[in-house]
A.B. asks: 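If you scroll down you'll find the structure; I have some questions about it.
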Amino acid sequence: MNKNQEIAEIFDKIADALEFKGEDSFRISAYRKASRILKEYPEDIEDIYKKGEIQKIPGIGKGMAEKIVEYLETGKIKKYYEVIEEIPEGLLQLLEIPNLGPKTLNLVYNKLGVKSLEDLERVIENGQLVKLFGMGEKKVENIKRGIELYKQGKERIPLGIALPIVEEIINELKKYTKKIEPAGSLRRMKETIGDIDILATGENNNEIIEKFVTLPFVKEVLAKGDTKASVIVKTNNLQVDLRVVPPDSFGAALQYFTGSKAHNIKLRGMAKDKGLKISEYGVFKGNKKIAGEKEEDIYKTLDLIWIPPEIREDRGEIEAALSNKLPSLVEESDIKGDLHVHSKYSDGVETIQEIAIKAKTFGYDYIGICDHSKTSKIAGGLDEEGLKRRNEEIDKINENIKEIRILKGMEVDILADGSLDYSDKILEQLDFVIASIHQGFKKNVTERIKKAIENPYVDIIAHPTGRLLSGREGYEVDIDEIIEYASKYNVALEINCYPDRLDLNDINILKGKAKNLKFALGTDAHNIGMLKYIKFGIGMARRGWLTKNEILNTYDWKEMPLRRKR
DNA sequence: GCCGTTTTCGGCCCGACTGTTTTCAGTCG
């Protein structure tokens, strides 16, 4: 964990404590905001500190800057110890229980001495909680359900799992609605999704809501009103919220429910300065509605051009839109080929010919076949002889299929000493080379990747951090150093599109962009059904503000700015 | 706690739903 993360977590804990104490909510949100800024900040806060520019970061003022400096110099923040004094350890963790907020937690602590989850469960069982002023049967019941959800541990799920669920729901509800679209972090293509937000408009609100809460895969209905309903679906215990709005508010609602929260708060502040009010129903001047049907009109009322959902994170996009400096983000139609696909020669399912035929349906000009190299025995890695046979087959297919070019790539293992799995003589015969770590995740990874980057035949480093969203932490690697080094040697870093990887992710892409790094999109497909994962990588690239020129796959093969041309 | 040529003080996004209130507080997003 780097310093940015460490400080962010302390700020979050301070916010929890202040909330528990019932202190000024604006001060609390200042801590939350500072925490978010630090977590997402593309540079190491220590470097900013050395430049003396901490307070230049918007959202970080004098107070926060002092605390950050205090942490960097002493490893502690006094304020933190002040605010958690007298609060029993572990108590604030209970704030994660749904339906149990700071007010109620404070109440049960002060009136009933609840200090832990066990205490809380006890006062529910023995009837003490329900007797407290402001409590009641239903509130207690809700907290009880909250405890159940808390124990199940509701984790964010990968975008790749959430998207099919959303598509299924939308498909079911389509016939009852005029318009229905996903919003929230899913529309922003965030790598993981907490809740799913869906927005609809139609003739009969009640019917839409009713159909929604009675869908066969709904497990539990959490809330149901005239305009909104929340349910838990059977898959992954995911919460899905549906909002139904009038047609002339659809754009405003889409904008509002797409978020992010920080992006919206800033927009609303700007609206206020102009004497306007934004809500999910529209933009209002006094009582008069001046926008609402179309999303871009919401932005127009603030003198902004429409901002793509993927970058609505309050990371400078509003300022960029104001000065007309929004980048023209890469589009799906810019992509001319996939640069990381496995064939039957190693651990892929289909033949090269089959892959080529499928790739054509994506409108690709080329496809990069990258099988595993010999050390990856489990993955059917190819020895020199096998590689030769594969390359000969590619040559043959290229003669027969003219509409798409098959590129001879390989995903070559970086060995324990940083050398590659094939000799330079072998590497030279390939169209391009991807190098990657597949073993020794904790052994000198940074140095090994740097050595691979130094090899003149390496064009791309695959899944540079090795993290898996399903749980694996990733290699022990200094990604900042790799970005710096790759940029220096003109080696591209991969944006691996596989839903469990999405590696590099948005934050690391932003870091790379700042260093003029080049990127390569690769699905890492092991069967042709996975070629569609390219859209997740594009989502990640867009979240990282990338334009097409920064991505190898948008170039014609002959013009592709690979490290060197062969 | 942050921020600012309409403010260095006094603002700070806005609304739905729920349950407990008899006009509103708490939680959530």
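Sequence lines set the chain letters: A, B, ... in the order given, protein chains first and strands last, and positions in each chain run from 1. Keep in mind that this is a model prediction, so the values were computed, not measured.
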A.B. asks: I'd like the P distance from B:dG1 over to B:dT5, given in whole Å.
C.D. replies: 23 Å
A.B. asks: Is there a side-chain polar atom (N or O) of A:K228 under 4.0 Å from OP1 or OP2 of B:dG29?
C.D. replies: no
A.B. asks: With sequence neighbours left out, what residues match A:D314 under salt bridge (Lys or Arg N to Asp or Glu O under 4.0 Å)?
C.D. replies: A:R36, A:K266
A.B. asks: Within the 4.5 Å heavy-atom criterion, are A:K535 and A:L163 side-chain neighbours or not?
C.D. replies: yes
A.B. asks: Round to a whole Å and report the spacing from NZ of A:K266 to C1' of B:dC2.
C.D. replies: 12 Å
A.B. asks: Does some side-chain heavy atom of A:L504 sit less than 4.5 Å from a side-chain heavy atom of A:I479?
C.D. replies: yes
A.B. asks: C1' atom, B:dT20 versus B:dA25: distance in rounded Å?
C.D. replies: 9 Å
A.B. asks: Can you find a heavy atom in the side chain of A:L222 that is under 4.5 Å from one in the side chain of A:Q239?
C.D. replies: yes
A.B. asks: Can you confirm whether A:N110 sits close enough to A:L107 that some side-chain heavy atom of one is under 4.5 Å from a side-chain heavy atom of the other?
C.D. replies: no
A.B. asks: Roughly how many Å apart are B:dG29 and B:dT23, using the P atom of each and rounding to a whole number?
C.D. replies: 29 Å
A.B. asks: Quote, to the nearest angstrom, the C1' distance that separates B:dT7 from B:dC2.
C.D. replies: 14 Å
A.B. asks: Taking NZ from A:K274 and C1' from B:dG11, how many angstroms apart are they, rounded to a whole number?
C.D. replies: 19 Å
A.B. asks: Report yes if a side-chain nitrogen or oxygen of A:N142 is closer than 4.0 Å to either non-bridging phosphate oxygen (OP1 or OP2) of B:dG19; otherwise report no.
C.D. replies: yes
A.B. asks: In whole angstroms, how far is the P atom of B:dT20 from the CG atom of A:N99?
C.D. replies: 12 Å
A.B. asks: For nucleotides B:dT8 and B:dC3, find the distance between their C1' atoms and express it as a whole number of Å.
C.D. replies: 10 Å
A.B. asks: Indicate whether OP1 or OP2 belonging to B:dG1 is found under 4.0 Å from a side-chain N or O atom of A:R27.
C.D. replies: yes
A.B. asks: What is the distance, to the nearest angstrom, from the CD atom on A:E280 to the C1' atom on B:dC17?
C.D. replies: 12 Å
A.B. asks: Give the ring-plane orientation class for A:Y299 versus A:H263, where under 30° counts as parallel, over 60° as perpendicular and anything between as tilted.
C.D. replies: tilted
A.B. asks: Flag the pair A:I198 / A:I169 as yes when at least one side-chain heavy-atom distance between them is below 4.5 Å, and no otherwise.
C.D. replies: yes
A.B. asks: Checking one value: the base orientation of B:dT7, syn if chi is within 90 degrees of 0, otherwise anti.
C.D. replies: syn
A.B. asks: So among A:E6, A:K78, A:K3, which one has a side-chain hydrogen bond (donor to acceptor under 3.5 Å, both in side chains) with A:Y71?
C.D. replies: A:E6
A.B. asks: Could you tell me the separation between the NZ atom of A:K144 and the P atom of B:dT27, rounded to a whole number of Å?
C.D. replies: 20 Å
A.B. asks: Rounded off to whole Å, could you give me the NZ-to-P distance for the A:K289 and B:dG15 pair?
C.D. replies: 12 Å
A.B. asks: When you check the phosphate oxygens OP1 and OP2 of B:dT18, does a side-chain N or O of A:K139 lie under 4.0 Å from one of them?
C.D. replies: no
A.B. asks: Taking a pair as Watson-Crick or G-U wobble with both distances under 3.5 Å, which nucleotide is matched to B:dC28?
C.D. replies: B:dG15
A.B. asks: For the C1' atoms, the ones on B:dC13 and on B:dC28, what distance do you get once it is rounded to whole angstrom?
C.D. replies: 14 Å
A.B. asks: To the nearest Å, give me how far apart CG (A:L242) and P (B:dA16) are.
C.D. replies: 15 Å
A.B. asks: Give A:K261 one of three labels, base, sugar-phosphate or nothing, depending on what nucleic acid heavy atoms sit under 4.0 Å from its own.
C.D. replies: base
A.B. asks: Dump the pairs, protein N or O against N or O of nucleotides 3-10 of chain B, anything under 3.5 Å, distances to one decimal.
C.D. replies:
residue	atom	partner	partner atom	Å
B:dC3	OP1	A:G59	N	2.6

A.B. asks: Does OP1 or OP2 of B:dT18 have a side-chain N or O of A:K224 closer than 4.0 Å?
C.D. replies: no
A.B. asks: For B:dT21 and B:dT27, measure between their P atoms and round to the nearest Å.
C.D. replies: 15 Å
A.B. asks: Less than 6.0 angstrom separating the ring centers of A:F212 and A:Y176, yes or no?
C.D. replies: no
A.B. asks: How close or far is atom P of B:dC2 from atom CG of A:D314, stated in whole angstroms?
C.D. replies: 16 Å
A.B. asks: On the nucleotide B:dC12, are OP1 or OP2 found under 4.0 Å from the side-chain N or O atoms that A:S25 carries?
C.D. replies: no
